[in-house]
Amino acid sequence: MAKRENWGSKLGFIMAAAGSAVGLGNIWKFPYTAGENGGGAFVLIYLFFVVVIGFSVMLAEFAVGRRKQLAAVGAFKSEDRRWTFAGALGVLSALLIMGFYPVVGGWSLAYVGKVFTGLLSAPDAIGTTFDSFITNPFVPLMWMVGYLVLNIMIVVKGISTGIEKAGKVLMPLLFGILIAISIKGLTLPGAMAGMEFLFKPNFSVVNPSVVLAALGQAFFSLSLGMGIMITYGSYLPKHENLVSNAAIVTVMDTAVALLAGIAMFPAMFAFGITPAQGPGLVFVVVPTIFAEMGGMGTVFAGLFFIALSVAALTSSVSLLEVVVAYLIDEKGFNRPKAVVTASTVMVALCVLASLSLGDVGPKLFGKGAFDVFDLLTDKIFLAFGGFFVSIFAGWKLSKSDLKNEVTNGGSVKFAIFNVWYVLIKFIIPLTILWVAYGGIKEGFESGAGPIMIIGLVIIAITGIFSRKL
Ligand code: TRP
């Protein structure tokens, strides 16, 4: 095999890994999921999962990837062919997430245009504008394709030139914009009620599906459970400190999610908008807030959607890369051919997802493609992906090998190695099973249960057939 491409610099890696983590998950998904799940208690459980499970699984993924210097499927398969399915599951998750992520990425691009062409001049119509936009059968598809083309352009150029450059410039910009919006929101009268909603836990609203949503959110937001961080870790030089890299990425990602919440909830409460808006939250609430701020509002709203598009792009590029890296490493494709193949499948899935929002196309147990892809990945595949990575690292690799990889042969200090090891080996897998069990059971009341069971069946089938991959 040719010498593996490496990250141009340490900062480049952090920026790309954080760029993968920080995306629609933080800014679009986190606020509406927190809003739908009752606020404070959900946020607290999410933070607990981020620290205990998220960080630990990220470190495990980095270690597994760098050890063999192979992307997801290869890293598992080269150890033991029976483990191929864990990597294959990751490739499948990446495909399915890319079956709806570019749809929302396309909305974000479209909103840059909408903001600058008068969206804010009729604040009362913002909600209906969003609904009629996403249910239109053609326009969102064009934006989705435009969004995917941007991804293709970045990924075709290869790992260090494309992804790294994009991340380096665009991530700091995003952070700055969110801080500016938060300050603006917090100075509005009545803003504190939003902070209370977001940070004051009310445990009476917690049930097993809130807990599963928090776990899914942690995995989704940190880009875990499907081999992204395995793939990224595989490009990381042997002398890099995996522990501090995992810690930095975890903190940055979580900071952006919280910041997005702070940017949105105080202003929402100040303006009397309800938190349980669903997936339209960012697209309805943010323009509404800015519409009431006069001329500067247009500029802020425009910057916001540019930042959102950029954040989405650095994430979806990593999702595309998982599938591309698989096709290159395992199937011998060259990069352009791999990119074209992967994105063709993604366009097809995205068309289904986008049309389903206008109630067009096939349904599964009453749910459209968009919801099905989201449910399968967020609630099932990622959690079980995290489960399998933990089992793999904890039981398949020897403790000394793992310690060697994580500490760079003893030169990196990691005082809580043993704590981490117990987490990875026992506590995290058991917790994931327990949370998933509760969430699936509860899901039978909301109609999501059958789809989650299908997810489990798909995992089983992948396990049986993936030796051929
Ligand atoms: N973490 C990204 C976000 O928050 C989405 C994402 C990118 C992702 N790569 C992933 C989610 C891998 C799960 C797994 O928007």
Side-chain angles (χ1 to χ4, degrees), residues 15-34 46 49-50 53-54 57-58 60-62 65 71-72 86-87 89-108 147 151 154-155 163 166-167 170-171 174 178 213-233 249-250 252-261 279 282 307-326 342 346 373-389:
M15 283 305 179
S20 160
V22 177
L24 294 172
N26 308 58
I27 298 165
W28 164 69
K29 205 171 180 31
F30 173 75
Y32 91 74
T33 309
Y46 158 77
F49 284 153
V50 163
I53 299 185
V57 171
M58 187 178 296
E61 291 204 9
F62 282 167
L89 189 62
V91 175
L92 188 64
S93 310
L95 269 179
L96 284 181
I97 294 179
M98 283 303 272
F100 69 90
Y101 206 93
V103 174
V104 183
W107 298 349
S108 182
Y147 177 85
N151 283 273
I154 297 175
V155 173
I163 303 178
L170 302 173
M171 294 300 299
L174 168 68
L178 277 175
L215 183 69
Q217 179 62 33
F219 274 107
F220 190 91
S221 189
L222 292 168
S223 296
L224 296 176
M226 51 157 285
I228 291 253
M229 295 303 174
I230 295 180
T231 304
Y232 274 29
V249 174
T250 304
M252 283 173 75
D253 181 72
T254 310
V256 175
L258 294 177
L259 207 52
V282 175
L308 184 60
S309 307
V310 166
L313 207 54
T314 57
S315 299
S316 51
V317 153
S318 77
L319 289 157
L320 182 53
E321 179 67 22
V322 166
V323 185
V324 167
Y326 162 71
M346 289 164 187
F373 297 164
D374 177 57
L375 265 172
L376 283 177
T377 50
D378 193 41
K379 300 281 174 357
I380 298 294
F381 288 176
L382 298 184
F384 279 88
F387 171 84
F388 290 126
V389 174

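In listed order, ligands and their atoms are each counted from 1. Computed over heavy atoms, backbone and side chain alike; hydrogens, waters and symmetry mates excluded.
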Item to check | Tyr101 side chain reached by Phe373 side chain, heavy atoms, under 4.5 Å | outcome: no
Checklist entry - Does Val282 reach the side chain of Tyr32, with side-chain heavy atoms less than 4.5 Å apart? => result no
Need the list: ligand 1 N/O atoms against protein N/O atoms, distance under 3.5 Å, rounded to one decimal.
unit_1, atom_1, unit_2, atom_2, d
ligand 1, 1 (N), Ser20, O, 3.3
ligand 1, 1 (N), Ala21, O, 3.0
ligand 1, 1 (N), Phe220, O, 2.7
ligand 1, 1 (N), Ser221, O, 3.1
ligand 1, 1 (N), Ser223, OG, 3.0
ligand 1, 4 (O), Ala21, O, 2.9
ligand 1, 4 (O), Gly25, N, 3.2
ligand 1, 4 (O), Asn26, OD1, 3.2
ligand 1, 9 (N), Ser223, OG, 3.2
ligand 1, 9 (N), Ser318, OG, 3.4
ligand 1, 15 (O), Leu24, N, 3.1
ligand 1, 15 (O), Gly25, N, 2.7
ligand 1, 15 (O), Tyr101, OH, 2.5

Checklist entry - Does Lys379 pair with Asp374 as a salt bridge, N-O distance under 4.0 Å? => result no
Checklist entry - Is it true that a side-chain atom of Thr314 and a backbone atom of Gly19 form a donor plus acceptor pair closer than 3.5 Å? => result yes
Next on the checklist: If we ignore hydrogens and angles and just use 3.5 Å, is the side chain of Glu61 paired with the main-chain N or O of Ala72 as donor and acceptor?
Outcome noted: no
Checklist entry - Nearest heavy-atom pair of Leu320 and Ala342: which atoms, and what distance? => result CD1-CB, 3.8 Å
